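Small disclaimer: the values here were computed from a predicted structure and weren't measured.
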Amino acid sequence: MARLRFEPVRDLGALTAVRPAGRGQGPEASGARARALGGLVAALGALPGENRVASVSGREVLWLGPDEFLIASSLENGSDLEQVLRATGAGAVIDLSSNWVGFDLAGDGARAVLASGCSIDFHPRSFGVGSIAQTSMARVPITIWQRSPEPSYRILVRPSLASYLAAWVADAAGSLEAGSLE
Amino acid sequence: MLQIRCPWCGPRDEPEFRYGGEAHLRFPGNEADPAAWARFLYYRDNPAGAYRERWVHTAGCRQWFHVIRDTTSHRILGSYRLDEPPERAR
């Protein structure tokens, strides 16, 4: 097993949120929603199921809720990704690349660190590769998803809370003796 | 602390949610008389036992949903989506 690693993501890539059209009930809304989702599938290659991430060639599509996705892309910059998604007519699209700071938490003891600050179950039986959750860690709102079975997790946090979260994780790793940070 | 099952995200701790009061209130209609409006706006049931209420998962998927909570024991008896009947609560 690899040692515990916790490091800022130097190049997080573009992050763009999409709220597909066709919210609400009734045949008109469901038709608009089907067209919006069809356009997104055509542009992105796939859409994730509930609480899942779909990864297709340099882009990750994160399920944030039944009416919201976040697309993380290393293929293009934020405004280009926004244009790509707008062109599908999918609904509300906004570039949020500057809204998030990313961290990667990986290796031995990563689950112990998460468990000390976050109440959801990260055991592989309920949270594996491709699982995503929006929750709070050490009282900070985060978006977290698992990217490899090592395990390795990517954590998105608001920039103003990033240094607090980094300090908190370093402290938790030390006190858990989960393996000192490299 | 309560643990509430979000119908979309699964079981989460209470601080991830906000409370939205009694569920299944009926909009009285624009032509309703003032007494019906007062009942809709200000009158709330206060049972000792199972209570159907609205919650929103603010720290997660940001969806509103319904919860059945026992007001005497604080036990969460189930939750269900807005477009589901209370019988579907689990």
query: Does Y43(B) OH have over 12 foreign heavy atoms under 6.0 Å away?
result: no
field: Euclidean distance, R62(B) CZ relative to D67(A) CG, rounded to 0.5 Å
entry: 8.5 Å
Spatial distance of atom NE2 (H57(B)) from atom CD (Q134(A)) [nearest 0.5 Å]: 8.0 Å
query: Between G60(B), C9(B), P15(B), which shows the greatest number of heavy-atom pairs under 4.5 Å with chain A?
result: G60(B)
task: Please indicate whether H74(B) has more than 12 foreign heavy atoms, meaning atoms of other residues, nucleotides or ligands, lying under 6.0 Å from its NE2.
output: no
- prompt: Taking everything shown except R75(B) itself, do over 12 heavy atoms lie less than 6.0 Å from its CZ?
  reply: no
- prompt: Is Y164(A) linked to V169(A) within one hydrophobic cluster, defined over Ile, Leu, Val, Met, Phe, Trp and Tyr using a side-chain heavy-atom separation of less than 4.5 Å?
  reply: yes
statement: Residue from P66(A), S136(A), P141(A), S119(A) scoring the most non-hydrogen pairs under 4.5 Å with chain B is P66(A)
